[in-house]
Amino acid sequence: MRWLIAILGISLSLFQLYSAGIQPLGLFYQRSIHLALVLMLAFLIFTPFGSRRGPIASIVDMAFFGASILSGFYLVFNLDEIFGRAGFWNQMDITVAIIATVTLLEASRRAVGLGLTIIGLVAIIYAMAGPRGELPWIGEWLPGILNHRGYTLDRVAAQMYLGQEGIFGLPLGVAATFVFVFVLFGALLEVTGAGKFFIDLAFAATGQQRGGPAKAAVLASASMGSISGSSIANVVTTGAFTIPLMKKLGYKPAQAGGIEAAASTGGQIMPPLMGAGAFLIAEYTRVPYMDIVKVSIFPALLYFATVYLFVHIIAVKQGMHGLPKKDLPVLKEVMARGWFFLAPLILLVYLLVSGVSPMRVGFYAVIGIIVVAGINGLWLAIQRGQKQNRLKEEVVTAFRVGFVKLMHGLELGARNAVSVSIACGVAGIVVAVVGLTGLGLKFSSMMIAFSGGNILLALLLVIIASLILGLGLPVTASYIVLIVLVGPALTNEFGIPLLIAHLLVFWYSQDSNVTPPVALAAFAAAAIAGSKTMETSVQSWKFAKGLYLIPLFMVFNPEIIMGGPLEVLLWNGFIIILALIAFAASIEGYLFTWMQFWMRGLLALAVIGVFYPSFQVEILSAGVMLVLLAFNFLQYKQHGRKVTTSSEMVS
């Protein structure tokens, strides 16, 4: 089993590299082969129930394994015939379509979770509910606005499998091209030691400051998260180093876990990769990928600056100090050991700026990290061999170790991509049903009716919807489903620019990683920190509040994304930075020194005023924040940091 998983994983990665950089394939060939290999891997890696496979489970897995092969390769070998009878499919086509849909939903249950599977099933049942559908009696229970004509099982199955709008739609297309190759890039960086290099670099830069390990966690998560494509992978990679050190320094376990979860989630919005988000937004909006990267830099930096500020305030409040210099890596030594890891990243950014297609950029980045790591390993082997007079043995050993690491990286990349690709496949089912039944327009109508045309209420509904979807969906699937449902209303009815609407929904879809009751990144951090999951989730939710405030500011001040006069951009930049500082201070009750309750309340109201669509209110709010923060600074100058009670401050 272990060997079969390795062979399939390596085969999938090599296939993706071949189609990304050597010979691009047609849409259905690329996506069908990708889906077949991903499904096969899923049924080998994930057991039906529990951790062990019994005889019955093995038989079930073999059946689904065969169904996975059929699901992908049936289209590959019969594509011309299927296109020839489009709209008049035979019974074999429909049977395979049903098998493929069931197989994908079962793979989703194992690899992603029951929540996404239920949503996929509900979508299919909804498509068949109606007077002309397979399940007319369910249609009788639907509210009037959700009613539709209903569709037969054959029609729904064909929509799911035999066209470009279902399983093989845009979400899976993005996962099978852009996303996979960058997930593979992240996996190769991990196995070659780049993760430790970035962590050491962050510790060397911030370790001696107050709350040094926590600040290092923020910086390391920003650098690793931007290329790893997974918040949870980011947590376990960087958190294994940073969380124990944060606890040692004085952070409570839940605080340490919350900081790491919030920082790791920010990796999903950090250019150049932004998880799968930048590619999906580019495909949906038809805005060039590089333009999305450019406009996302400032908001992402604002987010990390907010988390960094929370970390600093807590460190000062609790009287923490940095780590001793002797316990920290030396910057020169870190750079000497791993400077070459920067080369593939520089190449990646250069090629993106040069206008090379993202898929080809990913291919070159993967080849770059393989070449750079290989040359470095060979150079170190030659140095060791010359010192010990055993050059040949050291070189042979280096080649063997390098080959094993390469194979491990190829397998790891495939493993990491399984859940993303399956989630995108099921998201395609939901997108197909929304298009088939007109649910998107109906959902938009309901949204407008509930909000009464008020944009703030509409955005609150989007936040609630993202939270509910986040209970069962990973970030990528949550974004796809949400933008299909609420995107038309945000752009057509409320006049939000298309790119900002997509960025808003994408940012809000991240909250499932850090928001109770289901906060997957926080749960992973809690396991490392040894803290309670719910307490850690609350802390991560607090530190990640920039996820809500920054997109809201984009909506009311679109110039920071769409561009505008310099004075407008400078004012908007100043006001959002001021608001985020005031927000962190009001939440923690501390900035330069302790704050009284009335100050915290006024600061919170002033922050809310910044998001009110009126320039006069914005000016007033900015003035209030400046006065209160200046007053807090004067209190610090007069009393220092030792004041701990409101009565002492008043006196």
Side-chain angles (χ1 to χ4, degrees), residues 119-120 122-123 126-127 129-130 142-149 165 169-171 269 277 280-287 292 295-296 299 427-473 475-512 515 547-562 611-614:
I119 289 173
V122 168
Y126 175 72
L142 294 174
I145 196 170
L146 293 179
N147 270 326
H148 63 96
R149 67 187 293 273
E165 297 178 355
L170 180 65
I269 56 176
L280 285 164
I281 295 170
E283 289 295 314
Y284 275 119
T285 61
R286 297 299 173 191
V287 174
I292 292 167
V295 301
S296 298
I429 291 176
V430 178
V431 172
V433 171
V434 168
L436 186 66
T437 62
L439 180 62
L441 295 175
K442 294 173 182 177
F443 198 92
S444 296
S445 301
M446 288 191 292
M447 185 176 166
I448 295 162
F450 282 129
S451 66
N454 186 302
I455 191 169
L456 281 172
L457 284 177
L459 294 176
L460 180 62
L461 290 172
V462 175
I463 291 173
I464 294 170
S466 73
L467 275 174
I468 294 170
L469 286 173
L471 297 178
L473 271 68
V475 166
T476 305
S478 180
Y479 159 72
I480 295 167
V481 173
L482 201 57
I483 197 63
V484 168
L485 292 175
V486 307
L490 293 176
T491 53
N492 299 332
E493 304 300 332
F494 294 102
I496 298 174
L498 179 65
L499 179 56
I500 291 179
H502 278 261
L503 286 171
L504 173 90
V505 171
F506 179 67
W507 275 59
Y508 283 171
S509 66
Q510 308 294 327
D511 63 0
S512 60
T515 307
L547 277 180
Y548 296 103
L549 297 181
I550 296 169
L552 200 60
F553 191 80
M554 292 182 204
V555 170
F556 294 118
N557 300 273
E559 296 84 5
I560 66 170
I561 296 298
M562 311 304 294
F611 300 97
Y612 189 80
S614 165

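Residues I561 and P299 share a closest heavy-atom pair of CD1-CG, 4.0 Å. Taking both residues in full, the closest heavy atoms of A501 and T491 are given as CB-CG2, 3.8 Å, listed atom of the first, atom of the second, then distance. In terms of heavy-atom proximity, L457 sits nearest to S451 at CD1-O, 3.6 Å. Smallest separation of non-hydrogen atoms from A127 and T437: CA-CG2, 4.1 Å. Nearest approach of A123 to V433, heavy atoms of both residues: O-CG1, 3.3 Å.
Side-chain atoms of H148 come within 3.5 Å of backbone N or O of A129 as a donor-acceptor pair. Side chain of Y508 to main chain of Y548: a donor-acceptor pair is present (N/O by atom type, distance under 3.5 Å, no hydrogens or angles).
With a 4.5 Å cut-off on side-chain heavy atoms, L490 and V462 count as touching. Looking at L459 and F494, their side chains never come closer than 4.5 Å, going by heavy atoms from C-beta outward.
One distance of note links NE2 of H502 with CD1 of I483; it measures 4.0 Å at 0.5 Å rounding. The structure places CG of L461 at 11.0 Å from OG of S466, a figure rounded to the nearest 0.5 Å. Taking CZ of F506 as the reference point, atom CG of L547 lies at 10.0 Å (rounded to 0.5 Å). In this structure, CG on L485 lies 12.0 Å from CD1 on I480, to the nearest 0.5 angstrom. Atom-to-atom distance recorded for L456:CG and L552:CG is 6.5 Å, nearest 0.5 angstrom.
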